[in-house]
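Written out below as structure tokens is the structure these notes cover.
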Number of protein chains: 2
Amino acid sequence: MTEEHEFEFEFDIRQDPYNHMMKIIFSRWKPFILRAIDFDGDNPTYFSRFFKQLPITQKVLSQNLKAMEQDGLISRNIIPEIPPRVEYKLTDEGKSVIALLDLVYDWGWKDMKRKSMPIDPLGEMWHGYRERDEDIMYHPYKKLNTKDC
Amino acid sequence: MTEEHEFEFEFDIRQDPYNHMMKIIFSRWKPFILRAIDFDGDNPTYFSRFFKQLPITQKVLSQNLKAMEQDGLISRNIIPEIPPRVEYKLTDEGKSVIALLDLVYDWGWKDMKRKSMPIDPLGEMWHGYRERDEDIMYHPYKKLNTKDC
DNA sequence: CAGTATCCTTAGGGATACTG
DNA sequence: CAGTATCCCTAAGGATACTG
């Protein structure tokens, strides 16, 4: 409706790559979800698997997975078992964004260190800033209590 | 208050570098603001300058600049003239994030191309994907109408 | 297991007007 | 010129319950 009175084009933030990236990648949970799938390597990730590492609700996870599938970052594959399982994997496109996420993480990690902010250890393990502790990485996130922050 | 009943630590998204980055860098306008200041090179950027390129309101710009100053990304310097002007520059820390933003832009640009999405020309000029047109870059964003999208 | 369905809260931003 | 001050709105997420 407002468009009807515009005869001129303007800078449209919606058509800018930064905006695009913030929508498809840099929303609250997506970097974590991508990292979680990547962490499983060639093994597929299942729906329930995410809850072992991320305090996310089913609804929000579902929403995010759906969006990321539509954006071509992940693939969804239903395994006909009883009960049925659903595999999530990174597409080639999804894999290609992991390296970028690493750089983003690194910049943020250094910035937080510089400012003496506490940094969560799970992300540090994923990113090689801390030795991997399988007991933490493969178990529910609440287990992190056994380690200091 | 909820903390009082927690005896255990959990994965805390607020202490993760991804979350940190999304707060201090990847919010709606910050990449654009950083790029705009960077574009002016050694010349400082003034408050009113931003409106020539970005359809942002004074309130939101002010909020963002304040946050970015506190986060150490930009510096604010008042010039005692009548009327007073205020210079904004990138700090060394702010400069160091520009290269990262370039990579983010590039990934997004390629993704949008792959998907045949229209891309705003102003950002393309800033990032070298289109020849610089001083007439566009130095004038109010509405002037973009004179060029095709 | 892998999700929906509802209801609710909140941060971030937009519109507009005003000020030192 | 360089901002505040108000008011409003919406998208994204959280809490909780339910389902094939």
Side-chain angles (χ1 to χ4, degrees), chain A residues 1-3 5 10-14 16 18-20 22-33 36-37 44-52 54-69 71 74-89 140-141, chain B residues 1-2 5 10-14 18-20 22-33 36-37 44-52 54-69 71 74-89 140-141:
Chain A
M1 188 172 289
T2 61
E3 302 297 301
H5 304 289
E10 303 183 355
F11 170 71
D12 187 351
I13 193 176
R14 291 167 304 178
D16 191 281
Y18 284 135
N19 187 58
H20 179 67
M22 291 189 279
K23 282 198 171 171
I24 73 168
I25 307 282
F26 297 108
S27 72
R28 187 166 182 77
W29 289 107
K30 285 177 183 170
F32 298 100
I33 294 170
I37 300 178
T45 308
Y46 302 97
F47 193 76
S48 54
R49 177 82 170 80
F50 295 99
F51 303 108
K52 294 183 186 285
L54 304 174
I56 189 176
T57 64
Q58 287 179 313
K59 177 201 149 195
V60 174
L61 176 61
S62 182
Q63 281 175 344
N64 276 271
L65 289 172
K66 201 166 292 179
M68 293 164 78
E69 188 193 4
D71 291 330
I74 64 177
S75 66
R76 184 175 184 276
N77 186 26
I78 303 173
I79 314 276
E81 295 175 348
I82 306 293
R85 318 187 74 187
V86 180
E87 284 185 351
Y88 289 98
K89 292 185 180 179
Y141 67 89
Chain B
M1 187 170 290
T2 62
H5 303 289
E10 302 185 354
F11 171 69
D12 188 350
I13 192 176
R14 291 167 304 177
Y18 284 135
N19 187 57
H20 179 67
M22 292 190 278
K23 281 197 174 174
I24 74 169
I25 307 282
F26 297 108
S27 72
R28 187 166 180 76
W29 290 107
K30 285 176 183 170
F32 298 100
I33 294 170
I37 300 177
T45 307
Y46 302 96
F47 192 78
S48 55
R49 178 83 170 79
F50 294 99
F51 303 107
K52 295 182 186 286
L54 304 174
I56 189 175
T57 64
Q58 287 178 313
K59 177 200 151 195
V60 174
L61 176 61
S62 182
Q63 281 176 342
N64 277 272
L65 289 172
K66 201 165 294 180
M68 294 165 77
E69 189 194 2
D71 290 330
I74 63 177
S75 66
R76 185 175 184 274
N77 186 27
I78 304 174
I79 314 277
E81 292 176 352
I82 306 294
R85 318 185 74 186
V86 180
E87 284 185 353
Y88 290 97
K89 292 184 181 178
Y141 66 90

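Numbers restart at 1 for each chain; the letters A, B, ... are given by sequence-line order, proteins then strands.
As a whole-Å value, the separation of A/Trp29 CH2 from D/dA12 C1' is 12 Å. Between the P atom of C/dG3 and the CZ atom of A/Arg49 lies a distance of 16 Å, rounded to the nearest Å. Rounding to whole angstrom units, CD1 of residue B/Ile78 and P of C/dG20 are separated by 16 Å. Residue B/Phe50 contributes atom CZ, which lies 16 Å from atom P of C/dG14 at whole-angstrom precision. Between the CG atom of B/Asn19 and the P atom of D/dG14 there is a distance of 10 Å, given to the nearest Å. When rounded to the nearest whole Å, the span between CZ of A/Phe47 and P of C/dA2 equals 8 Å. Atom CG of A/Asn77 is separated from atom P of C/dA2 by 12 Å (rounded to the nearest Å). Atom C1' of nucleotide C/dT6 and atom CD of A/Gln63 are separated by 13 Å, given to the nearest angstrom.
B/Arg28 has no side-chain polar atom (N or O) that falls below the 4.0 Å cut-off from OP1 or OP2 of D/dA12. Look at B/Ser48 and you'll find a side-chain N or O under 4.0 angstrom from OP1 or OP2 of D/dA2. Not one side-chain nitrogen or oxygen of B/Ser62 sits closer than 4.0 Å to the OP1 or OP2 atom of D/dA2. In this model, the phosphate group of C/dG13 is approached by a side-chain N or O of B/Asn64 to a distance below 4.0 Å at OP1 or OP2.
Formation of a donor-acceptor pair under 3.5 Å by the A/Lys30 side chain with backbone atoms of A/Lys23 is found in this model.
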- Query: Do A/Asp12 and A/Asp16 pass the side chain to side chain contact (heavy atoms under 4.5 Å, CB included) test, and can you show the C-alpha distance, the side-chain angles, and the key distance before you say yes or no?
  - Reply: CA-CA 7 Å; A/Asp12 187 351; A/Asp16 191 281; over 6 Å; no
- Query: Should B/Met68 and B/Ile33 be marked as a side chain to side chain contact (heavy atoms under 4.5 Å, CB included) after you check the CA-CA gap, both sets of side-chain angles, and the distance that decides it?
  - Reply: CA-CA 10 Å; B/Met68 294 165 77; B/Ile33 294 170; 4.1 Å; yes
- Message: With side chain to side chain contact (heavy atoms under 4.5 Å, CB included) as the criterion, how do B/Ile56 and B/Phe32 come out once you've worked through the C-alpha distance, each side chain's angles and the decisive distance to 0.1 Å?
- Response: CA-CA 10 Å; B/Ile56 189 175; B/Phe32 298 100; over 6 Å; no
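The side chain of B/Thr57 has C/dA15 as its nearest neighbour among D/dG3, C/dG3, C/dA15. The B/Arg85 side chain lies nearest to D/dA2 when the options are D/dA2, D/dG14, C/dA2. Residue A/Tyr88 has its side chain nearest to C/dG3 when only C/dA5, C/dG3, D/dA2 are considered. Of the listed nucleotides (C/dG13, D/dG3, D/dG13), D/dG3 has the atom at the smallest distance from the side chain of B/Val86. Checking D/dG14, D/dG3, C/dG14 against the side-chain heavy atoms of B/Val60 singles out C/dG14 as nearest. Distance from the side chain of B/Gln58 is smallest for D/dG3 among the nucleotides D/dG3, D/dG14, D/dC7.
We find the CD1-OG1 distance between A/Ile37 and A/Thr45 to be 5.0 Å, quoted to the nearest 0.5 Å.
A 3.5 Å limit on both hydrogen-bonding distances identifies C/dC1 as the Watson-Crick or G-U partner of D/dG20.
Contact annotation for B/Lys66: backbone-only contact, meaning every heavy-atom pair under 4.0 Å involves sugar-phosphate atoms and none involves a base.
Side chain A/Lys59 to base D/dG14: a donor-acceptor pair is found below 3.5 Å.
Between B/Tyr46 and B/Tyr88, the distance from one ring center to the other does not fall under 6.0 angstrom.
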